[in-house]
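What follows is a single structure, written as structure tokens, with notes after it.
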Amino acid sequence: MQAYDIAVIGGGPAGMAAALAAWGQGIKRIIILERNNTLGGILNQCIHPGFGLQYFNKDLTGPEYAGEFMRRLNEAGIEYKVSTTVLNISADKVVTAVNSNDGLLHIEAKSIILAMGCRERAAGGIAMAGTRPAGVITAGTAQKMINLQGKHIGNRIVVLGSGDIGLIMARRLSLEGKEVLAVLEQYPYANGLSRNVVQCLEDYNIPLLLSHTVTEVIGQGRVSAVKIARVDQDLKPIAGSESIIECDTLLLSVGLIPENELSKKAKVALDQKTGGPLVNQDMQTDVEGIFACGNVVQVHDIVDFVTLEAEKAGQAAAAYIKEGIKSAHTFVVTAGDNVRFVVPQRLSASAEAGFFLRSAAALDEATIVVSCCGRELVSVKRAAVKPSEMESICLKKELLTDLPLNSEILVEIKGRCC
């Protein structure tokens with residue numbers, strides 16, 4: 001049994017930032033466990049720019065952003081193990097892991113930070129008729145194959161889903177000389193950042209077909225075509241609207257899922273809406289001493305916000321170790337009208353809270369409202385909101401002092417449907 005103050009599970013941007021934040025608070029016995037053969041996570045395959053605009057005030061590629069944190073880790077002397085798979089986390093904070101050098105590892109930690117990130121939803125997770133030929137792959141897999149492995153994936157591509165990875169890969173494939181025939185999105189709005197719609201589709205004359213989906217994959221051995229159709233307001237295909245697009249590759253960008261199998265083993269409660277742990281304003285889960293941050297909690301739009309959230313978790317884990325701060329849960333935070341989810345879901349009266357949320361629908365002239373016991377605490381106006389872009393609102397602790405303990409804090413959005 002090896003003893004550490006903090007064990008960080010995952011060496012991507014969240015894990016590295018959390019470890020560095022804890023080290024900055026005086027905690028030195030830290031270990032990062034990463035299953036890939038290098039730190040950096042998904043950033044290593046994201047060779048496009050657009051990273052670091054918020055955190056570094058610079059326009060960096062993914063590897064450059066990750067490299068800055070790797071340099072800081074090495075300067076600090078923070079220990080990490082790559083090619084190491086965590087098998088189990090117990091509720092009493094014992095981590096079981098394995099790698100080819102050490103064999104089976106048992107690590108006892110005073111605090112654990114969960115930073116496992118997220119994974120893509122694949123073809124098996126969506127309802128799609130037809131055969132199962134080669135040429136149906138996720139956008140992230142295509143990104144890895146092209147950017148890291150130099151592989152060819154196809155010549156005539158259809159992208160299903162307008163998430164940011166799909167939009168970025170539509171541009172990447174165009175730069176490779178491939179023909180991106182269309183990007184299809186079942187909702188009446190794009191699910192990626194507005195800047196990516198412009199820079200990745202409009203600038204390259206790639207059609208974006210809203211309220212459309214793929215209803216059938218056609219092909220024997222290799223994709224030869226896909227059948228597409230318009231969908232109604234209930235996302236059901238409209239009879240008679242079908243058409244065929246001949247292609248040899250279907251790229252899936254149909255959502256990301258927080259990677260929380262280890263969280264479940266640690267008996268951490270999960271939010272059914274986000275798929276991630278229930279956390280308080282310090283990113284502490286309902287299991288004392290276990291914190292979570294980054295895409296394992298909620299899928300973020302940009303990595304800069306992942307970093308800031310991870311720093312909060314690292315600082316709180318350090319405070320927990322040094323001062324025994326347990327961050328008692330005093331209020332329950334609930335997603336109200338037009339809110340898909342809100343993080344954090346728990347709150348104490350002793351700290352300011354910044355809420356991150358996603359709308360459940362596209363709304364104009366919107367107002368984000370935080371209330372308790374029928375009383376409005378704070379509100380902020382937005383010209384428009386849409387589910388593809390995260391919103392935030394800050395609640396100062398002074399507003400919580402005279403509220404009944406264990407009451408519900410409601411976060412809702414009022415606005416006009418687009």
Side-chain angles (χ1 to χ4, degrees), residues 53-54 162-164 185-198 210-211 233-235 255 271-276 278-283 295 297-302 304-306 308-309 312 329-418:
L53 295 171
Q54 302 283 336
S162 62
D164 287 310
E185 173 54 58
Q186 65 177 347
Y187 291 102
Y189 48 81
N191 262 311
L193 293 172
S194 297
R195 74 184 191 196
N196 284 333
V197 173
V198 173
L210 299 175
S211 299
Q233 61 184 7
D234 297 318
L235 306 182
D271 186 328
Q272 295 304 307
K273 293 182 179 180
T274 64
L278 295 167
V279 295
N280 65 12
Q281 73 278 353
D282 294 324
M283 306 310 296
N295 286 345
V297 176
Q298 56 179 327
V299 177
H300 290 69
D301 294 336
I302 60 175
D304 306 65
F305 294 155
V306 168
L308 294 171
E309 184 177 276
K312 184 189 300 184
H329 304 155
T330 305
F331 302 101
V332 174
V333 182
T334 301
D337 290 344
N338 297 316
V339 176
R340 183 189 297 176
F341 68 79
V342 60
V343 175
Q345 302 92 344
R346 303 288 184 264
L347 195 61
S348 71
S350 62
E352 180 175 292
F355 295 114
F356 290 91
L357 60 140
R358 287 191 188 273
S359 63
L363 301 172
D364 288 333
E365 300 174 7
T367 304
I368 304 169
V369 180
V370 180
S371 60
C372 183
C373 303
R375 190 178 88 198
E376 182 179 306
L377 302 177
V378 63
S379 65
V380 62
K381 294 185 180 297
R382 296 282 189 267
V385 296
K386 58 181 182 177
S388 59
E389 299 193 7
M390 190 176 290
E391 299 292 338
S392 64
I393 188 169
C394 184
L395 181 63
K396 295 186 180 300
K397 65 179 180 181
E398 291 80 11
L399 297 170
L400 302 172
T401 53
D402 61 343
L403 295 176
L405 297 181
N406 301 315
S407 54
E408 178 188 70
I409 292 178
L410 183 68
V411 181
E412 57 187 335
I413 303 177
K414 300 175 182 180
R416 178 173 58 83
C417 290
C418 298

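All residue numbers refer to positions in the sequence shown, counting from 1.
- Residues Gln345 and Thr274 have side chains in contact (heavy-atom distance under 4.5 Å, counting atoms from C-beta outward).
- Looking at every heavy atom in both residues, Leu357 comes nearest to Ile413 through CD1-CD1, 3.8 Å.
- Here the closest non-hydrogen pair linking Glu391 and Ala384 is OE2-O, 4.2 Å.
- Distance check: Leu193 CG to Asp164 CG gives 4.0 Å after rounding to the nearest 0.5 Å.
- Closest approach of Pro387 to Ala360, counting heavy atoms only: CG-C, 4.0 Å.
- Summarising the geometry of Phe331 relative to Leu400, their closest heavy-atom pair is CZ-O, 4.0 Å, with the distance given to 0.1 Å.
- For the side chain to side chain contact (heavy atoms under 4.5 Å, CB included) test with Val385, the passing option among Thr367, Leu363, Asp364 is Leu363; the others fail.
- Closest heavy-atom contact between Ser392 and Arg382: O-NH2, 3.3 Å.
- Donor-acceptor pairing under 3.5 Å is recorded for the side chains of Glu389 and Ser194.
- Residues Leu53 and Ile302 form no side-chain contact, since every pair of their non-hydrogen atoms from C-beta on lies 4.5 Å or further apart.
- Contact annotation: the side chain of Leu403 approaches that of Arg375 to within less than 4.5 Å [non-hydrogen atoms, C-beta and beyond].
- Using a 4.0 Å cut-off between charged side-chain N and carboxylate O, Arg195 and Asp301 make no salt bridge.
- For the side chain to side chain contact (heavy atoms under 4.5 Å, CB included) with Phe355, the qualifying choice from Val333, Val343, Val339 is Val333, the only one to do so.
- Side-chain atoms of Leu308 and His300, non-hydrogen and from C-beta on, never get closer than 4.5 Å to each other.
- With contacts defined as side-chain heavy-atom distances shorter than 4.5 Å, the pair Gln298/Arg358 does not qualify.
- Of the possible polar contacts, one joining the Glu185 side chain to the Ser162 backbone as a donor-acceptor pair under 3.5 Å is found.
- When side chains are defined from C-beta on, Leu399 does not count as touching Val370, because their heavy atoms never get closer than 4.5 Å.
- Looking only at side-chain heavy atoms (C-beta outward), Ser359 and Asn338 stay at 4.5 Å or farther from each other.
- Defined by atom type and a distance below 3.5 Å, a donor-acceptor pair is missing between the side-chain atoms of Ser379 and Lys414.
- Heavy atoms only, all atoms of each residue included: Ser407 and Cys373 are closest at CB-SG, 4.0 Å.
- To the nearest 0.5 Å, atoms NZ (Lys397) and CG (Leu347) are separated by 12.0 Å.
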Checklist line | Trace of the side chain to side chain contact (heavy atoms under 4.5 Å, CB included) decision for Glu352 with Leu395 | finding: CA-CA 6 Å; Glu352 180 175 292; Leu395 181 63; over 6 Å; no
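- When atom types are taken as modelled, the side chain of Asn280 and the backbone of Pro344 share no donor-acceptor pair closer than 3.5 angstrom.
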